[in-house]
Amino acid sequence: MTRGPLSVLVPALLNPHETMTAERYNAREAEPKWQQTWRERGIFRARNDDPRPKFFVMEMFPYPSGRIHIGHGRNYVMGDVLARYKRMQGFNVLHPMGWDSFGLPAENAAIERGIHPKAWTYENIASMKEQLQLLGLSLDWDREIATCDPSYYAEQQRIFLDFLEAGLAYRKESEVNWDPVDHTVLANEQVIEGRGWRSGAVVERRKLSQWFLRITDFAQELLDALDTLDRWPDRVRLMQRNWIGRSEGLEVLFELSRASAKASAVPTVKVYTTRPDTLFGAAFLALSPDHPLSARLAEGDARVAAFIAECKRGGTSAEVIETQEKLGYDTGLTVVHPLDETLTVPVYIANFVLMDYGTGAIFGCPAHDQRDLDFARKYGLPVKPVVLPPDTDPADFAIGTEAYDGEGTLFNSGFLDGMSIADAKEAVARRLERFRVEDQPQGTRRVNFRLRDWGISRQRYWGCPIPVIHCTTCGPVPVPRDQLPVQLPDDVTFDRPGNPLDRAKAWRDVPCPKCGAPARRETDTMDTFVDSSWYFLRYASDSAERPLDKQEVAHWLPVDQYIGGIEHAILHLLYSRFFTRALKACGRVDVTEPFAGLFTQGMIVHETYKDPAGRWLFPEEVKLLGDGKAVKIDTGEPVTVGPPEKMSKSKKNVVPPEVVADTYGVDCARWFMLSDTPPERDSEWTQAGIEGAWRFVQRVWRLVGDALELGAPAGTPFPTAFGKDALALRRAAHGLAATVADDIERLRFNVAVAHVHEFANAFGQAISAARASGTGEGLGVVLREAAEILVRVVGPMVPHLAEECWVALGHTGLAAEADWPKADPALLKRDTVTLPIQINGRKRDDIEVALDATPAEVEAAVLALETVQRALDGRPPKRIIVVPQRIVNVVA
RNA sequence: GCGGGCGUGGCGGAACUGGUAGACGCAGCGGACUCAAAAUCCGCCGUCCUCACGGAUAUGUCGGUUCGAGUCCGACCGCCCGCACCA
């Protein structure tokens, strides 16, 4: 399939008087040729014994969902530019690729289309690999991994056993989304508005015994070490900090009132609070529906049981729980106020109190917490303010519909009156630490984390088997290491809901390794986040015999630059940070932080198209007419153009890489993806944009051709002095090498592209000048020098074009192996600077001064300016601000 | 609901650490070349006032700090990402 500019390549249209410049660069021929050369020479293979300094760059590996579209390519191209640039800078670069190939979509394909997950996955990997290779990425394919391959997950099972021995893996009960019709556990994304996506049944929360990893053991360290990650985006560090959620607070024992204690047979309720200062404003106590006291009350009261059951409806996700209506149930119990025994506070069960956080019970202070206020208004509970905002009259201060959570002074609070919030917190803690209830201090200071242990059990087939055998007498028994890996059985069926492993008797039923009695394999598999929590280590240590060699890991790690989507800012990155530490604790590696540098790139978006019947159309089925109008090419029907959205198969707004490669060439696609939009933002794929990239690729080819035609032959010695044009071009070329190096180091590819454009303009002007007035005064030599610099500078971005130009310039080696051009510092310096002159903050003039002019000299020159004289009108200036080499502001 | 981010011409965006807002590209307009078209090259291009010189205005909205604010602070509006079983 061809269309667009390459299809208009008709030799008769070319000007016969021009030489090489007449030939267009033919990407379709050049690109496969150079890709083959790179492959044959193995120049992207990383060697562990290379003495040069290492640089490890990787992009987040893809899930093999099927065909890729050009949107997938963006982060790989970014990483590739950096990898190629670093090679030119003399680094031993590791740039690997792999497949995050376990997961739900493979099972859905099995259920919906009857394809085995394994076949589906490996077919997808094969076709996606072919497509990825089309992009001309400088990857070391020798280190390719697939997480679904036993050669990968065997080590993961060994790691699990290490964690188990170290006490970092354990079992406990936790809730899952249960589909009561399909009898299946659902992922959060399979719960749509509280119902199962296939059955439509209202989802329930059900408890299962599952495996957990003790990430909370590392909570403080994971938090503290964020400060050392200075090449991570601040926002990602902040998100992780908030996710870990360290808080300092107080655990307070509330004693039940005499009658309540008798009725419930429970003497106290323990509450965790970060606001003990507001204790005098307490209006209620709220228990989680999962709290032991809630359960006890439910035993004797059907209404309580019904309320708790009501709370269990809907999904388990925090989003669902936090957005659902806040409900409470008055248990009739009361507790005694810990600081004033004449006061009692009612006890509720509330659906928004989480058992996983704190103690599973809170006290509510409506005046100073919005959620508590909403709850109090709903159930008619008193709202007593206890923190008075600064400069407020207590008589005027009342809480309406908004809680006050700002600074202030305590009031209405007995012995706390007049204190600051911080002092009051301290005073309450001190007093309650002294009070004793049931032989314990009534208050205990407690650091708490929002972070919970990581539940890794999944009731699914297509995941890494958990290497454990359950025996009725011995309990869970680790699979002996010499029996690893526990491989997934291939002989499974997907004709019924639920986990096929539960039904795979031949695989499931095994003797207990300890006592030999009949036992069952663990049929849960691991969360796919486990697979991706250590794959970067496996890249570094790539032999199947020693899959996690300490020395090799130490040589390559940490990853110098990791590139991926912002959607992984918290979970994947936090789990990987934990995993690396846990492996270190087990003595497996000597690394602590896996990723020294992190970059989060934006997505590629594309307009969507719909025909009059409302069916989605592929971009190639549509002809754009401008002004947002479009028609269907084969029928001429009007097409509705929708706003740019993330490329997705379902909306057909995808562009396959092979279409771009066939039409414009991969370098155009690469150049376009790097242009214009900052890499961290979403970028829109447009026809006009790719055409612009095509013009640029041809322009570089033409500039190099012109320089070859007009410039001096290779090896011509430099003259001792250069003319004005020659010097200007030299400055521009050396400046380009320096500035693009800096742009790439900072991953500011769009700015790098702009700088290359700027240089191309200057280069074009120099060529015009050479055509008009000859190549004397060194211009001929500089034209060649400039071409040699330009080709190497664009090489990381448009590598195939660079190779073709490099050959044209007479080189026998590969551009991919050339050195990055070194900029001569003398050419980068300027001796004068243009200073803008502001009067009262508005630019009115500018002057050119020596670079090293003193402020006094500048001031004198500025005051002499006619513009300034006119503005001052004979009066002396009020003030003159001189910012050396930047600006002058005269305040009149 | 909670946490995080983004917002600059017709469009994508640039502006280093508070210092000339709009670099560079796209689209558009005008010109050169051509029998013609394509390609290429040159010029113009935020808005308003002005023949022009020049001036006013302008970075989502409103307010503040500063000699000076796209940049810092506060409030608001809109859009995007994550929320632990999608990956």
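Remember, it's a predicted structure, so these values are computed and weren't measured experimentally.
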Encode nucleotides 74-87 of chain B as B, S and - characters from 5' to 3', where the letter depends on protein heavy atoms closer than 4.0 Å: B to the base, S only to sugar-phosphate, - to neither. -------SSBBBBB
Only counting residues at least two apart or in another chain, list the ones meeting side chain to side chain donor-acceptor pair (under 3.5 Å) with [X].
X: E193(A); answer: none
X: S101(A); answer: T147(A)
X: N448(A); answer: none
X: Y575(A); answer: none

Under 4.0 angstrom, heavy atoms only, what part of the nucleic acid is R241(A) near: base, sugar-phosphate, or nothing? nothing
Heavy atoms under 4.0 Å, any strand shown: does R842(A) hit a base, just sugar-phosphate, or nothing? sugar-phosphate
Name all residues meeting the salt bridge (Lys or Arg N to Asp or Glu O under 4.0 Å) criterion together with [X]; count only those two or more places apart in sequence or in a different chain, and write none if there are none.
X: R377(A); answer: none
X: E402(A); answer: none
X: E175(A); answer: K312(A)
X: R458(A); answer: D527(A)

OP1 or OP2 of G4(B) sitting under 4.0 Å from any side-chain N/O of N242(A)? yes
Check the distance between C11(B)'s C1' and R681(A)'s CZ and give it to me in whole angstrom. 13 Å
Distance in angstrom units between D234(A) CG and G5(B) P, rounded: 9 Å
Check step by step if side-chain hydrogen bond (donor to acceptor under 3.5 Å, both in side chains) holds for D182(A) and S199(A). CA-CA 7 Å; D182(A) 274 354; S199(A) 71; 4.7 Å; no
Can you list every pair that meets salt bridge (charged side-chain N to carboxylate O under 4.0 Å, His left out) and has a residue in residues 314-327 of chain A, with sequence neighbours left out? E325(A)-K378(A)
Pairs under 3.5 angstrom, nitrogen or oxygen only, protein versus nucleotides 24-27 of chain B, please.
unit_1 : atom_1 : unit_2  : atom_2 : d
G25(B) : OP1    : N761(A) : ND2    : 3.3
C26(B) : OP1    : R695(A) : NH2    : 3.3

Can you pull every protein N or O that's under 3.5 Å from an N or O on nucleotides 67-73 of chain B?
unit_1 : atom_1 : unit_2  : atom_2 : d
C67(B) : OP1    : R879(A) : NH1    : 3.3
C67(B) : O2'    : N889(A) : ND2    : 3.3
C67(B) : O2     : N889(A) : ND2    : 2.5

